[in-house]
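Heads up: the structure comes next, in structure tokens.
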Amino acid sequence: MTPQNILNADLHCHSVVSDGTLSPEALAERAKLNGVELWALTDHDEVGGQQRALAAAKAQGMHYLTGTEISVTFAGETVHIVGLGFDADNAALKEGLHATRGGRRERALEMAEGLAQVGIKGAYEGALKFVGNPELISRTHFARFLVESGVCRETGDVFRKYLTEGKPGFVPHRWATLQNAVRWITEAHGVAVIAHPARYKFTANEEFALFSEFKAHGGKAVEVVTGSHTAQEYVKYAETAKEFGLAASRGSDFHSPDESHTDLGTLPFLPGTLTPVWELLEDRIQ
């Protein structure tokens, strides 16, 4: 392994600005305690926490990259594209993220309606109690309400019983296009990364199409080592990164001390045969 690959970088996590439960400051403190050297806060479709995260990283003595996680619709699935190292004040990026967030309230009201039809009343108001930013109300907030109110034991049960396709609280959402998401990031001088690729229910052909189109639009990296991947999937997506000539990223996808299986900074290092995404972003590290 090269020294670059054994950097403890955590480039995927969420704060109260989207659907995490900790403040940017508390996340920075936790990351530092766990030995993180390079950190990025990647809230969903939002850059509102970036200044706080940068200041907190500096206070903890960590290097920082700007981040966000953009929701994209591809082949009928929701795919997440992480942006790293961009200019957080870029107008086109901020407008694109604002438009992507725009449909969440309407979707949330429809979800609450579906839940009410199976006897779960007041879900929208209940979910709002868990929301730091009402523009970013999501299924996670509904899941926390259903656990708090005793409908389910844990958030995983809520998703299985109520919030996935074919269940009473599921409402699909049309997100950004892959092309737009990659363009917003790259035109703001950042690098676009396919987040946790093993999570998408794609056929081999659909996955090949995702990677091919992503690369054609200017995407540069893929998360190889991430909280939801198995050791086998690290190997698979290391090979995919090499096949498509993509750099590799590493991130826990940490949301909450009570809900996340993988803590900040605790993942294995990137395989030494890959180019770490931070090599492409050396001049953007703060």
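Please read these numbers as outputs of a predicted model, since none were measured by experiment. The basis for the numbers below is simple: all heavy atoms, side chains too, and nothing from hydrogens, waters or symmetry mates.
Side-chain contact between L54 and K58: present, with at least one pair of heavy atoms (C-beta onward) separated by less than 4.5 Å. Residues V36 and K32 have side chains not in contact (no heavy-atom distance under 4.5 Å, counting atoms from C-beta outward). Contact check for V72 versus T177: no side-chain heavy atoms found under the 4.5 Å cut-off. In this structure the side chain of R139 reaches within 4.5 angstrom of the side chain of M111, judged on heavy atoms. Counting heavy atoms from C-beta outward, D43 and T68 have side chains that stay 4.5 Å or more apart. Between P197 and V222 the shortest side-chain heavy-atom distance falls below 4.5 Å. With contacts defined as side-chain heavy-atom distances shorter than 4.5 Å, the pair R183/N180 qualifies. Side-chain atoms of V277 and K220, non-hydrogen and from C-beta on, never get closer than 4.5 Å to each other.
One distance of note links CH2 of W175 with OG of S71; it measures 4.5 Å at 0.5 Å rounding. For the atom pair T21 OG1 and D258 CG, the distance stands at 6.5 Å (nearest 0.5 Å). In this structure, CG on D89 lies 6.5 Å from CD on Q51, to the nearest 0.5 angstrom. Residue L136 holds its CG atom at 6.0 Å from OG of S18, rounded to the nearest 0.5 Å. Taking CH2 of W184 as the start and CD of E95 as the end, the distance is 10.0 Å to the nearest 0.5 Å. How far NE2 of H44 is from NE2 of H80: 5.5 Å, rounded to the nearest 0.5 Å.
In terms of modelled atom types and a separation under 3.5 Å, the side chain of N90 and the main chain of L93 share a donor-acceptor contact. Panel note: side chain E110, backbone R107; no donor-acceptor pair is recorded below 3.5 Å. The backbone N or O of F86 lies less than 3.5 Å from a partner atom in the side chain of T66, making a donor-acceptor pair. Checked by atom type and distance alone, the side chain of H255 pairs as donor or acceptor with a backbone atom of D253 at under 3.5 Å. No donor-acceptor pair closer than 3.5 Å links the side chain of K94 to the backbone N or O of V47. Using modelled atom types, no side-chain atom of T73 and backbone atom of G76 make a donor-acceptor pair closer than 3.5 Å.
Salt bridge R250/E223: absent, no basic N to carboxylate O contact under 4.0 Å. Salt bridge absent: E77 and K201 never bring a charged side-chain N and a carboxylate O closer than 4.0 Å. Ion pair D19/R144 not flagged as a salt bridge, since none of the NZ, NE, NH1 or NH2 atoms sits closer than 4.0 Å to an Asp/Glu carboxylate oxygen. Salt bridge annotation for K236-E207: present, with a cationic side-chain nitrogen under 4.0 angstrom from a carboxylate oxygen.
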Decide yes or no on side chain to side chain contact (heavy atoms under 4.5 Å, CB included) for T266 and F254, but give the supporting numbers first.
CA-CA 10 Å; T266 61; F254 181 83; over 6 Å; no
Evaluate the criterion side chain to side chain contact (heavy atoms under 4.5 Å, CB included) for residue pair Y234 and T226; output intermediate values, then yes/no.
CA-CA 8 Å; Y234 300 156; T226 183; 5.8 Å; no
For the pair D263 and N34, evaluate side chain to side chain contact (heavy atoms under 4.5 Å, CB included) and give the outcome as yes or no after the intermediate values.
CA-CA 8 Å; D263 208 343; N34 288 347; 3.4 Å; yes
Would you check, one step at a time, whether the test side chain to side chain contact (heavy atoms under 4.5 Å, CB included) holds for R101 with L97?
CA-CA 6 Å; R101 293 196 301 273; L97 294 178; 3.9 Å; yes
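Side-chain atoms of D10 and S252 include a donor-acceptor pair closer than 3.5 Å. Judged by distance alone, the side chains of Y64 and Q50 do bring a donor and an acceptor atom under 3.5 Å apart. Side-chain contact of T100 with D45: a donor-acceptor pair under 3.5 Å is absent, judged by distance alone.
Scanning both residues, T42 and L11, for their nearest heavy atoms gives CG2-O, 3.5 Å. Looking at every heavy atom in both residues, P134 comes nearest to L128 through CB-CD2, 4.5 Å. Between L84 and G67 the shortest heavy-atom distance is CD2-CA, 4.4 Å. Closest approach of V82 and A195 over heavy atoms only: CG2-CB, 3.9 Å. The two atoms that bring P271 and V225 nearest to each other are CD-CG2, 4.3 Å, heavy atoms only. Listed here is the closest heavy atom pair of G218 and T186: O-CG2, 3.8 Å.
The same ILVMFWY cluster, assembled from side-chain heavy atoms under 4.5 Å apart, contains both F211 and V193. Residues L27 and M62 share a hydrophobic cluster, clusters being chains of Ile/Leu/Val/Met/Phe/Trp/Tyr side chains in contact below 4.5 Å. In this structure, L246 is a member of the same hydrophobic cluster as F202, with clusters built from ILVMFWY side-chain heavy atoms closer than 4.5 Å. V118 and V158 end up in the same hydrophobic cluster when Ile, Leu, Val, Met, Phe, Trp and Tyr side chains are linked at under 4.5 Å. Under a hydrophobic-cluster definition in which Ile, Leu, Val, Met, Phe, Trp and Tyr are linked whenever side-chain heavy atoms come within less than 4.5 Å, directly or via other members, F208 and V235 are assigned to different clusters.
Contacts classified as ring-ring contact (aromatic ring centres under 6.0 Å, His included) and involving residues 104-152 (residues at least two apart or in different chains) are not found.
Between H229 and H196, a ring centre-to-centre spacing not shorter than 6.0 Å is recorded.
Applying the side chain to side chain contact (heavy atoms under 4.5 Å, CB included) test to A192 and every residue at least two apart in sequence or in another chain returns I81, V182, I185, F214. In this structure R284 satisfies the side chain to side chain contact (heavy atoms under 4.5 Å, CB included) test together with L65, D87, H189, L281, sequence neighbours excluded. Not counting sequence neighbours, the partners of E213 by the side chain to side chain contact (heavy atoms under 4.5 Å, CB included) test are F74, L178, H217. Qualifying ring pair (Phe, Tyr, Trp, His ring centres under 6.0 Å) partners for F159, counting only residues two or more places apart in sequence or in other chains: none. In this structure, the side chain to side chain contact (heavy atoms under 4.5 Å, CB included) partners of E37, at least two apart in sequence or on a different chain, are L7, N8.
Note: H14 and H12 have perpendicular aromatic rings, judged against thresholds of 30 and 60 degrees for the angle between ring planes.
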